[in-house]
Amino acid sequence: MNERIKKTFTDNKKKLVTFITGGDPSINLSNKIIETIANSGADIIEIGMPFSDPMADGPIIQLSSNRAINKGVNLDDIFSICKKFRNLNNNIPLILMGYYNVILNYGIKNFVNSCKINGVDGLIIVDLQPEEDEELLLETNSNNISLIRLITPTTNSERLKTILKNSSGFLYYVTITGITGQQSVNLNNLKNSIKEVRKYTNLPIVSGFGIKNKKHVNDVCQICDGAVIGSSLIEIIQKNLNDDNKILNNISIFVKELKEGTNI
């Protein structure tokens, strides 16, 4: 397991994981947003790699990806964002989240090497199946970068064993079947599902999709090791595109409030 990720989970406290799209609404403001999120209490930061066809994402995240792409943001820019943050903070894990086509176009070895150089700790590749990850896994293992797997409500026990075989860092449980930012979590279903997953692994489990506020974070953290929130954060950006200070202030207030929800 990557050392920063391992250290983050050693105290057994519940974790707040945040997601934003890198470069949205600009590279400069994106840097400030990530710094604000870190200073406001986030334990792990996921940075989305902009992609033209983010099939698992709802409208809010799709629009954020489009804004970044329209500004010309590419993977080199994402790595520069990671490097800038890592120069300010050497403790909070950085996770890149996105789609495999982006990595293939960049070149797998080049991509993983850039992750290592710029302080990236883990990857979540939404559309990469375990049967097809051998080349990427070889590089991530060689560079101590965690390949974090997604588990869904439809994952059966046999499929779970396949997914867990080379999983590291933590597991990301998708609480709903559908796209990000839509319906809320069914807590009874979540509790039963996490209980089943824990039969097969000791990896920390964080849950995302459908988590929108402090109460949701608290509810999920009573079941899981942490909660992931993205669309509600990005919605703050979307609603205040003409006011950088309002974006930063509102994000700071919101993340602090979400962090309070991890207190169990």
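- Within 6.0 Å of atom CD in E135, 12 or fewer heavy atoms from other residues, nucleotides or ligands are found, so the atom counts as exposed in its surroundings.
- Contact between V73 and G22 at its shortest, heavy atoms only, is CG1-O, 3.9 Å.
- One side chain, N90 or R4, offers a donor N or O that lies under 3.5 Å from an acceptor on the other.
- Residues F9 and V206 meet the side-chain proximity criterion, which asks for heavy atoms closer than 4.5 Å.
- Inspection of the Q222 and N218 side chains reveals an N or O donor paired with an N or O acceptor under 3.5 Å.
- Contact detail for S252 and S40: the closest heavy-atom pair is OG-OG, 3.2 Å.
- Every pair passing salt bridge (charged side-chain N to carboxylate O under 4.0 Å, His left out) that includes a residue from residues 58-71 is listed here, sequence neighbours excluded: D24-R67.
- Using a 4.5 Å cut-off on side-chain heavy atoms (C-beta onward), I34 and I47 make contact.
- Under the 4.5 Å side-chain criterion, counting only non-hydrogen atoms from C-beta, Y200 is not in contact with I163.
- Remark: the backbone N or O of N66 is paired with a side-chain donor or acceptor of N70 at under 3.5 angstrom.
- In summary, R159 and E131 engage in a salt bridge, as defined by a charged side-chain N under 4.0 Å from a carboxylate O.
- Residues S64 and T21 share a closest heavy-atom pair of OG-OG1, 2.7 Å.
- At a threshold of 4.5 Å between non-hydrogen side-chain atoms, the residues Y100 and L136 count as touching.
- A distance of 3.5 Å separates CG in D77 from CD1 in I27, rounded to the nearest 0.5 Å.
- Here L258 contributes atom CG and I253 contributes atom CD1; the two are 12.0 Å apart, rounded to the nearest 0.5 Å.
- The two residues S168 and S146 come nearest to each other via the heavy atoms OG-CA, 3.2 Å.
- At least one donor-acceptor pair closer than 3.5 Å links the side chain of T140 to the backbone N or O of L137.
- At a threshold of 4.0 Å, the pair R149-D133 counts as salt-bridged, since one of the basic side-chain nitrogens sits closer than that to a carboxylate oxygen.
- Atom-to-atom distance recorded for N240:CG and I236:CD1 is 8.0 Å, nearest 0.5 angstrom.
- Note that CD1 of I60 and OG of S232 are 6.5 Å apart. Values are rounded to the nearest 0.5 Å.
- At a threshold of 4.0 Å, the pair K259-D43 counts as salt-bridged, since one of the basic side-chain nitrogens sits closer than that to a carboxylate oxygen.
- Put simply, OG on S114 and NZ on K83 are 11.0 Å apart, with the number rounded to the nearest 0.5 Å.
- Cluster membership check: I33 does not share its hydrophobic cluster with L88, using side-chain heavy-atom separations under 4.5 Å among Ile, Leu, Val, Met, Phe, Trp and Tyr.
- V228 places none of its side-chain heavy atoms less than 4.5 Å from the side chain of T18.
- When each of K6, R86, K7, K116 is paired with D121, the salt bridge (Lys or Arg N to Asp or Glu O under 4.0 Å) condition holds for R86 and for no other.
- Put simply, I69 and I78 are part of two different groups of oily side chains (I, L, V, M, F, W, Y) that touch within less than 4.5 Å, one to the next.
- Put simply, the side chain of N87 does not reach to within 4.5 Å of the side chain of C82, judged on heavy atoms.
- Distance CD1/I37 to CD1/I229: 10.5 Å, rounded to 0.5 Å.
- Across G23 and I81, no two heavy atoms sit closer than the pair N-CD1, 3.6 Å.
- Counting heavy atoms from C-beta on, the side chains of N156 and L160 never come closer than 4.5 Å.
- Ring pair F111/Y106 is perpendicular by interplanar angle, where above 60° counts as perpendicular and below 30° as parallel.
- In this structure, a donor-acceptor pair under 3.5 Å is absent between the side chains of D53 and Y99.
- Side-chain atoms of K15 and T8, non-hydrogen and from C-beta on, do get closer than 4.5 Å to each other.
- Salt bridge K32/E35: absent, no basic N to carboxylate O contact under 4.0 Å.
- When all heavy atoms of G210 and T175 are compared, the pair lying nearest together is N-OG1, 4.5 Å.
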